[in-house]
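Have a look at the structure below, then the notes.
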Amino acid sequence: MDACETPPRGEKHGIRIAMSTMDRADFLQDISRYHIDLSTEQLERLDAYVALLIKWQRRFNLVGPETLSSIYRRHILDCLQLARHVPRGTSVLDVGAGAGLPAIVLAVVCEVEFVTACERVGKKVQFMNQAKRELNLGEQFNAVQKDVRDLSGRFDVITARALADLDKLFSLTHHLSHDQSIFLFPKGENFQEEIFSANQKWLMTTKTEKS
């Protein structure tokens, strides 16, 4: 194919879906290697979520297009890493939830009271509500279209994925926490700098784990 040629729409998506299937096999090996236990029902729900995400991606830009070929490892596995840090029976808030990563993944695999996904973009909230219906998440999951600064309540676990630095995240969410709240924030290479900066303003105890 010439570098300037644009493939037909169906062919383009067909290639991506096939690559995602290959990615799933690697994902299954990874969860076994990392001792992540998923029931058959949980895996089926995650598969249904991935299929729905790929389908809606054709209309809405829910995730980076370049990540579709590795959607299981780039997104699902990344979110599953957080699950073991979510205590049973807790309330969870995902800020800037986007397409429901990690909110929907946590609602599927964790035994929590409920998960609230806070997102400002209407089409992404629309997608999460569709996922809620198709995955039968019921009252355990709630997607709200709001700026997190306008949200009320107190949550046991607060998480955000690729949204802002630690100082900004604490500024956005401190009014939604209590003394025992756990903040789960996946970070990149500059995490030590973010911790140092946030420590100048916030009283916190941190624990870092390798992704």
Side-chain angles (χ1 to χ4, degrees), residues 16 19-20 22-38 46 49-50 53-54 57 61-87 90 92-110 115-121 124 128 147-149 155-177 180-211:
R16 285 177 175 170
M19 292 176 69
S20 178
M22 293 166 57
D23 172 55
R24 184 180 184 276
D26 292 333
F27 165 76
L28 292 177
Q29 291 182 353
D30 285 337
I31 62 174
S32 176
R33 183 182 305 119
Y34 302 141
H35 306 291
I36 298 174
D37 295 323
L38 297 177
L46 292 177
Y49 172 62
V50 168
L53 186 57
I54 292 173
Q57 179 75 10
N61 185 30
L62 297 172
V63 296
E66 73 282 357
T67 68
L68 285 179
S69 62
S70 55
I71 192 168
Y72 277 95
R73 302 184 80 193
R74 181 76 175 270
H75 293 297
I76 305 302
L77 183 62
D78 193 49
C79 294
L80 284 175
Q81 294 181 96
L82 303 178
R84 62 192 178 97
H85 301 292
V86 177
T90 52
V92 180
L93 171 66
D94 181 16
V95 183
L101 297 161
I104 289 177
V105 174
L106 296 180
V108 168
V109 304
C110 296
V115 176
T116 296
C118 183
E119 171 59 48
R120 293 189 300 176
V121 180
K124 294 181 178 179
M128 287 191 287
D147 187 309
V148 67
R149 288 167 288 198
F155 296 86
D156 303 315
V157 179
I158 299 175
T159 187
R161 189 167 174 257
L163 181 64
D165 63 32
L166 285 178
D167 184 27
K168 180 67 176 294
L169 287 169
F170 289 137
S171 295
L172 291 172
T173 61
H174 74 278
H175 67 289
L176 301 168
S177 66
Q180 301 300 316
S181 291
I182 300 170
F183 295 83
L184 297 177
F185 296 141
K187 286 295 167 184
E189 295 179 353
N190 298 324
F191 73 94
Q192 293 284 14
E193 296 175 15
E194 290 193 32
I195 292 175
F196 177 81
S197 178
N199 263 321
Q200 309 307 304
K201 183 177 179 181
W202 305 97
L203 180 62
M204 60 186 188
T205 300
T206 61
K207 181 180 179 181
T208 60
E209 294 197 14
K210 186 176 180 181
S211 172

Applying salt bridge (charged side-chain N to carboxylate O under 4.0 Å, His left out), can you list everything that pairs with K124, at least two apart in sequence or on another chain?
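Salt bridge (charged side-chain N to carboxylate O under 4.0 Å, His left out) check on K124 returns nothing, list empty.
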Is there a side-chain contact between [X] and [Y], using heavy atoms and a 4.5 Å cut-off?
X    : Y    : answer
I36  : L77  : yes
H85  : E209 : yes
I158 : I182 : no
V92  : V86  : yes
K187 : L166 : yes
C118 : L93  : yes
L80  : Y72  : no
T159 : V95  : no

Where is the tightest heavy-atom contact between [X] and [Y], given as atom of each residue plus distance?
X    : Y    : value
A97  : A117 : CB-CB, 3.6 Å
P87  : V157 : CD-CG2, 3.9 Å
S69  : D23  : O-CB, 3.5 Å
G96  : E119 : C-OE1, 3.5 Å
L169 : A164 : CD1-O, 3.4 Å

Using modelled atom types only, decide if a donor and an acceptor are shared between the side chain of [X] and the backbone of [Y] within a distance under 3.5 Å.
X    : Y    : value
S181 : F155 : yes
D165 : K168 : yes
D94  : A103 : yes
Q180 : D156 : no
T67  : G64  : yes

If I take atom [atom1] from residue [X] and atom [atom2] from residue [Y], how far apart are they, to the nearest 0.5 angstrom?
X    : Y    : atom1 : atom2 : answer
I54  : L62  : CD1   : CG    : 11.0 Å
Q29  : D26  : CD    : CG    : 5.5 Å
L46  : H75  : CG    : NE2   : 14.0 Å
F185 : E194 : CZ    : CD    : 10.5 Å

D147, CG atom: more than 12 neighbouring heavy atoms under 6.0 Å:
yes
Quick one: do F27 and I76 satisfy side chain to side chain contact (heavy atoms under 4.5 Å, CB included)? Show the steps, please.
CA-CA 9 Å; F27 165 76; I76 305 302; 3.9 Å; yes
Atom pairs and distances, side-chain donor-acceptor, residues 195-205, under 3.5 Å, sequence neighbours left out:
unit_1	atom_1	unit_2	atom_2	d
N199	ND2	I195	O	3.3
Q200	NE2	F196	O	2.8
W202	NE1	D167	OD1	2.9

Ion pair present between D78 and R161, side-chain N to carboxylate O less than 4.0 angstrom?
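Yes, this pair counts.
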Do L68 and I71 pass the side chain to side chain contact (heavy atoms under 4.5 Å, CB included) test, and can you show the C-alpha distance, the side-chain angles, and the key distance before you say yes or no?
CA-CA 5 Å; L68 285 179; I71 192 168; 4.2 Å; yes
Aromatic ring proximity F183/F170, centre distance under 6.0 Å:
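Yes.
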